[in-house]
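All remarks here apply to the structure that follows.
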Amino acid sequence: MNPLLTTGLDAHRGTTALSVNVNKVALLRNTRELGIPSVLRAATSALEAGAHGITVHPRPDERHIRRHDVFELAALMQQWPHAEYNIEGNPFHNLMTVVRDLVAQALPVHQVTFVPDSVEQSTSDHGWQFPHDADRLAPLIAEAHDLGLRVSLFMDPLPDAMGAVRALGADRVELYTERFARAHLVSEVDTVLPHFTAAAQAALREGLGINAGHDLNRDNLTDFLRAVPGVQEVSIGHALIADALELGYTETVRDYLRCIHAASQPA
């Protein structure tokens, strides 16, 4: 099968799914009242180019993705039954309200990614902590499952934490990769990457699925996927949208898919 045409829901695809985070498109749009650039057109272009899914992170202040975007994108995803819609955010803020309303309207949402960001943060910068966060997360994970959704927890690469994640009933972890990306910039990957490899191995032993995201880009993505086993999905926004300003959505998405495919080939 052509790796650029593999769907995100195909359990036998044997490659990593690419979910495109369109938050930064909304951030630029929100600087004017003209509705451009269009979040819907960005998502459509990404899916047409072969992306396996779309990610959004609606925050309470709506600094980028707004509530109406979440629902308009969900309606769009109905036209792409083989792609996944991932809604991420802090479940103690506005995330669960949005997700409940999507499900109530029978709109597609496949995965929720719980992220422990504060209202003041410009971007996510750490994962959940155990046992500190366990009791608060447990009922929300159970609720998401009752809604028929897969749950992924945003986590630092801590092998010893994977058992606690599994005990809570989460389905996947999303490894927070900024530390790797920074090390890659200064050629210090060898000191950092083993932590991610070990965390992924621990997650797999616990029966968890593995996602990854934050500052992954065309320069470091292949190296990460070659070293970290079992990554089922990468969620990429900032770098991908920045690349699209120069290359366009179609060529950018295809280039990220080439990076993913290269990870499965001999180095």
Side-chain angles (χ1 to χ4, degrees), residues 16-27 53 55-59 63-65 86-91 93 95 111-130 132-133 152-162 165 170 172-203 208-245 252 255-256 259-260 263:
T16 303
L18 172 65
S19 186
V20 175
N21 187 321
V22 294
N23 275 22
K24 289 301 171 71
V25 180
L27 181 67
T55 290
V56 292
H57 187 146
R59 286 185 167 86
R63 72 186 75 159
H64 31 59
I65 287 294
N86 172 48
I87 315 292
E88 63 180 29
N90 193 320
H93 296 163
L95 177 69
Q111 177 176 264
V112 288
T113 300
F114 290 172
V115 182
D117 57 340
S118 68
V119 174
E120 299 81 14
Q121 281 179 245
S122 61
T123 187
S124 309
D125 65 6
H126 65 282
W128 297 101
Q129 303 296 311
F130 293 99
H132 178 267
D133 294 314
S152 178
L153 297 187
F154 195 70
M155 296 293 297
D156 296 305
L158 301 172
D160 292 345
M162 298 305 150
V165 173
R172 294 188 185 184
V173 293
E174 179 175 328
L175 296 177
Y176 169 46
T177 52
E178 182 182 9
R179 184 180 173 198
F180 160 76
R182 290 184 179 276
H184 200 276
L185 285 172
V186 294
S187 301
E188 294 180 357
V189 169
D190 291 345
T191 65
V192 171
L193 202 47
H195 297 283
F196 288 91
T197 302
Q201 291 170 337
L208 293 165
I210 302 168
N211 298 339
H214 210 93
D215 291 342
L216 294 174
N217 57 44
R218 291 184 297 153
D219 293 328
N220 62 35
L221 179 57
T222 299
D223 290 342
F224 183 82
L225 294 178
R226 279 179 174 157
V228 181
V231 178
Q232 293 170 271
E233 174 189 290
V234 289
S235 175
I236 305 179
H238 181 88
L240 191 150
I241 300 305
D243 288 336
L245 292 174
T252 296
D255 213 9
Y256 276 87
C259 292
I260 290 171

Exercise. Is it true that the side chains of His93 and Arg59 contain a donor and an acceptor less than 3.5 Å apart?
Worked result: no
Problem set entry | Reported CG-to-OG1 distance for the pair Leu216 and Thr177, which is rounded to 0.5 angstrom | 3.5 Å
Exercise. Quick one: does Leu221's side chain get under 4.5 Å of Ile236's, heavy atoms only?
Worked result: yes
Seminar exercise, completed: Shortest non-hydrogen pair, Gly127 vs Asp156, comes out as N-OD2, 3.1 Å
Seminar exercise, completed: Minimal heavy-atom distance between Trp128 and Asn90, with the atoms involved, is CH2-OD1, 4.3 Å
For this session: Run the numbers on Thr197 and Gln201 for side chain to side chain contact (heavy atoms under 4.5 Å, CB included), then give the verdict.
Result: CA-CA 6 Å; Thr197 302; Gln201 291 170 337; 3.7 Å; yes
Problem set entry | Parallel, tilted or perpendicular: rings of Phe180 and Phe196 (30°, 60°) | perpendicular
For this session: List the steps, then state whether side chain to side chain contact (heavy atoms under 4.5 Å, CB included) holds for Phe224 with Thr16.
Result: CA-CA 12 Å; Phe224 183 82; Thr16 303; over 6 Å; no
Problem set entry | Under 3.5 Å: donor-acceptor pair, side chain of Asn23, backbone of His57 | yes
Exercise. Any side-chain heavy-atom pair from Ile210 and Val231 closer than 4.5 angstrom?
Worked result: yes
For this session: Answer yes or no: is there a side-chain heavy-atom contact under 4.5 Å between Ile260 and Val234?
Result: yes
Exercise. Does a donor on one side chain sit under 3.5 Å from an acceptor on the other, for Thr55 and Asn21?
Worked result: no
Exercise. For the residue pair Ala227 and Leu193, what are the closest heavy atoms and their distance?
Worked result: CB-CD2, 3.2 Å
Problem set entry | Nearest non-hydrogen partners of Pro159 and Ala202, listed with the distance | O-CB, 3.6 Å
For this session: Decide yes or no for His64 and Val22: does some side-chain heavy atom of the first lie under 4.5 Å from some side-chain heavy atom of the second?
Result: no
Seminar exercise, completed: Closest heavy-atom pair, Ala199 versus Leu175, reported as atoms and distance to 0.1 Å, is CB-CD2, 4.2 Å
For this session: Please confirm whether the backbone N or O of Asn211 pairs with a side-chain atom of Gln232, one donor and one acceptor, at under 3.5 Å?
Result: no
Exercise. Any idea which heavy atoms bring Leu153 and Ala170 closest together, and the distance?
Worked result: CG-CB, 3.9 Å
Problem set entry | Gap between atom CE of Met155 and atom CD of Gln129 - 0.5 Å precision | 7.0 Å
Exercise. Do you know which of Gln111, Glu88, His214 makes side-chain contact (heavy atoms from CB on, under 4.5 Å) with Glu174?
Worked result: Glu88
Exercise. Between the side chain of Asn220 and the main-chain N/O of Asp215, is any donor-acceptor distance below 3.5 Å?
Worked result: yes
Problem set entry | Candidate pair Phe154 and Val173, rule side chain to side chain contact (heavy atoms under 4.5 Å, CB included), full reasoning | CA-CA 6 Å; Phe154 195 70; Val173 293; over 6 Å; no
For this session: To the nearest 0.5 angstrom, please state how far the CD atom of Glu233 sits from the CZ atom of Arg172.
Result: 6.0 Å
Exercise. Do we see a donor-acceptor contact under 3.5 Å between the side chains of Thr113 and Asn86?
Worked result: yes
Problem set entry | Any Leu208 side-chain heavy atom under 4.5 Å of Val165 side chain | yes
Exercise. Okay, side chain of Thr222, backbone of Cys259: is any donor-acceptor separation there less than 3.5 Å?
Worked result: yes
